[in-house]
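Worksheet: the structure to be examined is printed underneath.
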Amino acid sequence: MSSRARRKQIWCVQPLTPLMEGPDFSMQNQEGSKKESSWEVIREWFRAQKNVPGSNNFSMSVYGNNINLAKRQDFRLLLGVLGCPLAPIPISNNPISHLHIKNIPIETSAANYIIQQYLAATGCSKQHNCAKNMYTSGVVKMICCETEISSGKSVRTLGSRIGENGCFVLWQMSPGMWSLELAVGGNKVLAGSDGKTVWRHTSWLGTHAAKGPQRPLRRIIQGLDPRSTARLFEKAQCLGEKRIGEDDCFVLKVAADRAAVIERNEGPAEVIRHVLYGYFSQKSGLLIYMEDSHLTRVQTPDNGTVYWETTIGSTIGDYVDVDGVLIAHQGRTIATVFRFGETSIEHNRTRMEEEWRIHDVVFNVPGLSMDSFIPPADISDAENANTVSP
C-alpha cells in the first residue's frame with residue numbers, strides 16, 4: 001500500500017530528544033545551527049512577544065517583512081500543540097467488563113455504567129468480533145495563533161487569524177499501534193507507535209520519542225475508535241453532570257498518576273498534572289465533548305519558576321454508521337497555552353484552533369501488518385543503545 005511505501009522512506013539519523021507535549025517554539029531554520037533545548041526556545045519565543053512594540057501584527061514585528069517565514073513559524077507552533085497530542089494515560093488491552101458494585105466507589109461504578117451505555121450507543125456492544133485494524137483519512141483547517149499579553153495594568157492582543165487547510169491519514173492496529181501523517185500549510189508531521197514506543201518526526205525538529213508510559217493518540221479517542229475511548233475511560237470517575245450546548249452530559253475524569261507524570265519530566269521542565277474530561281450525552285449516550293489540561297512547571301535561572309498550562313477542548317459530532325459502528329466525522333478543537341509565574345501578575349495566553357472532518361473510514365484493511373508501524377531507524381538505533389526511555 002502507498003502508506004506502507006511512505007513509511008519505509010530513509011530517515012536521517014539524528015540525536016534524539018524527548019517528545020515535548022505542547023508547543024515547539026524552535027526558531028532554528030538553518031542546518032548545522034545549534035539547537036536549544038525545548039524550554040529555552042519557548043522562553044525566547046515569549047520574550048519576543050513581550051518586546052513587540054504596540055503593533056497589532058506580531059508576526060511582522062518579530063520577523064520583519066518576511067511574512068512567509070512568520071507564517072511558517074506560526075504553523076509550526078500550531079502543529080506542535082494540535083498535531084499529535086497524546087492522552088494522559090495508557091489504554092488497557094483487557095476486554096471491557098461490567099464492574100461489580102460491591103466494594104466499588106459510586107463514582108467508579110457510575111462511570112462504568114456510562115461507558116457501557118456509550119458502547120451500546122455506538123454499536124460496539126453488538127460487535128462480537130472486533131476490527132483488527134482501521135484506516136481513516138480526513139481534512140483539517142488550522143487557524144493560527146492569537147496571543148494575549150497582560151502586564152498587570154494593560155492587555156494587548158497580537159497576531160491575526162490566518163487559516164490553512166490540510167489533510168491527514170491515520171492507520172491503527174491493536175494493540176496500541178498507530179501511524180499518523182498530517183500535512184498543513186506546507187508543513188508535515190509524522191508520528192506513530194509500535195505498541196511500545198511513541199515517536200514524532202518533523203522536518204524542523206527531527207525525530208523525538210515520548211517519555212513515560214505508552215499512551216494513545218488523542219485523535220483516536222475523540223470519536224474515531226469508540227472501543228479505545230471506552231477502554232480509556234473504563235476506570236474513570238464520574239464527577240456529575242454539566243450542560244454542553246443543548247445537551248445535558250455526564251462528566252467522566254481520568255488523570256495520570258504521580259509516578260507516570262514524573263517519568264515525563266524533561267530537564268528543568270516538571271510535569272505537574274495531566275487530566276482528561278469526557279462529556280457523554282445523557283440523551284444519545286455519545287461522547288460529544290472532550291477536554292484535557294496539561295500543567296508543567298519550569299525552573300529558569302533568570303525568571304524563577306514559570307508555569308505552562310495547555311488546555312485542549314474538542315467538540316465532537318456528526319456520528320455516521322460505518323459497518324455497524326458509529327464514528328464521529330466532524331469536530332472543532334480550541335487549544336490555549338497559558339504562561340504565568342508564581343508571583344508576577346504578568347501572563348501570556350496563546351489561542352489556536354482546528355476544524356476537522358473525516359472523509360473515509362475502513363475497517364480490516366487487507367495487508368496491514370505490524371511491519372507497517374516500525375519506528376524510524378534512529379528511534380530503533382537509540383533504543384538498542386539504551387539512550388531513549390522506554
Side-chain angles (χ1 to χ4, degrees), residues 1 3-4 6-22 38 83-96 130-136 169-182 189-202 205-221 224-225 227-232 234-235 254-266 271 274 276 292 294 365 367-390:
M1 289 178 287
S3 178
R4 294 185 64 184
R6 288 194 298 269
R7 296 280 291 112
K8 293 182 179 180
Q9 59 184 292
I10 298 176
W11 296 84
C12 297
V13 178
Q14 305 174 39
L16 291 178
T17 57
L19 184 153
M20 182 183 65
E21 294 178 55
S38 299
C84 54
L86 304 178
I89 64 173
I91 290 180
S92 171
N93 293 325
N94 299 323
I96 301 171
C130 300
K132 297 180 180 179
N133 59 60
M134 181 180 71
Y135 160 82
T136 307
V169 175
L170 174 64
W171 305 86
Q172 184 188 1
M173 184 174 177
S174 297
M177 291 177 280
W178 52 269
S179 176
L180 172 71
E181 299 182 28
L182 171 68
V189 175
L190 305 176
S193 170
D194 62 353
K196 298 178 182 179
T197 302
V198 178
W199 57 271
R200 176 177 64 183
H201 176 87
T202 63
L205 286 176
T207 306
H208 300 252
K211 300 183 69 175
Q214 196 273 342
R215 293 168 288 134
L217 182 69
R218 191 181 190 275
R219 290 183 184 274
I220 292 175
I221 62 173
L224 290 184
D225 183 0
R227 288 188 181 276
S228 293
T229 304
R231 289 192 178 100
L232 186 80
E234 183 180 13
K235 296 183 180 180
V254 294
D257 59 33
R258 184 58 185 160
V261 297
I262 288 177
E263 289 186 55
R264 292 158 54 183
N265 292 346
E266 175 196 348
V271 180
H274 193 178
L276 176 69
D292 63 292
H294 180 254
V365 179
L368 193 66
S369 69
M370 295 176 63
D371 292 341
S372 305
F373 303 93
I374 296 176
D378 42 359
I379 290 281
S380 301
D381 292 344
E383 284 185 324
N384 293 334
N386 295 322
T387 58
V388 176
S389 301

Reported [atom1]-to-[atom2] distance for the pair [X] and [Y], which is rounded to 0.5 angstrom:
X: Arg264; Y: Leu86; atom1: CZ; atom2: CG; result: 8.0 Å
X: Met370; Y: Asp194; atom1: CE; atom2: CG; result: 8.0 Å
X: Lys196; Y: Met177; atom1: NZ; atom2: CE; result: 10.0 Å
X: Gln172; Y: Leu217; atom1: CD; atom2: CG; result: 9.0 Å
X: Arg231; Y: Ser92; atom1: CZ; atom2: OG; result: 7.5 Å
X: Leu170; Y: Ser179; atom1: CG; atom2: OG; result: 7.5 Å

inquiry  = If we check side chain to side chain contact (heavy atoms under 4.5 Å, CB included) with Pro216, which of these qualifies: Val198, Ile91, Asp225?
reply    =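 The side chain to side chain contact (heavy atoms under 4.5 Å, CB included) with Pro216 is passed solely by Ile91 among Val198, Ile91, Asp225.
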Does any non-hydrogen side-chain atom of [Y] lie less than 4.5 Å from one of [X]?
X: Leu180; Y: Trp171; answer: no
X: Met173; Y: Phe373; answer: yes
X: Val271; Y: His294; answer: yes

message = Main chain of Gly83, side chain of Arg219: is a donor-acceptor contact present, judged purely on distance under 3.5 Å?
response =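 Answer holds: yes.
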Judged by atom type as modelled, is there a donor-acceptor pair below 3.5 Å linking the side chain of Arg215 to the main-chain atoms of Ala87?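 Yes; at least one donor-acceptor contact below 3.5 Å.
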Mind checking side-chain hydrogen bond (donor to acceptor under 3.5 Å, both in side chains) for Asp292 and listing every partner two or more places apart, or none if nothing turns up?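 Counting only residues at least two positions away or on another chain, Asp292 forms a side-chain hydrogen bond (donor to acceptor under 3.5 Å, both in side chains) with Arg218, His274.
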By side-chain hydrogen bond (donor to acceptor under 3.5 Å, both in side chains) - contacts of Ser193 (at least two apart)
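For Ser193 the side-chain hydrogen bond (donor to acceptor under 3.5 Å, both in side chains) partners, ignoring immediate neighbours, are Gln214.
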Quick one: do Leu368 and Tyr135 satisfy side-chain contact (heavy atoms from CB on, under 4.5 Å)? Show the steps, please.
CA-CA 10 Å; Leu368 193 66; Tyr135 160 82; over 6 Å; no
side-chain contact (heavy atoms from CB on, under 4.5 Å) against Ile89, all qualifying residues, sequence neighbours excluded: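 Per chain and number, Ile89 pairs via side-chain contact (heavy atoms from CB on, under 4.5 Å) with Leu232, Val254, Ala256.
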**Q.** Residues in side-chain contact (heavy atoms from CB on, under 4.5 Å) contact with Thr229, at least two apart in sequence or another chain
**A.**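 Expected list: Tyr118, Ile221, Phe233, Leu287.
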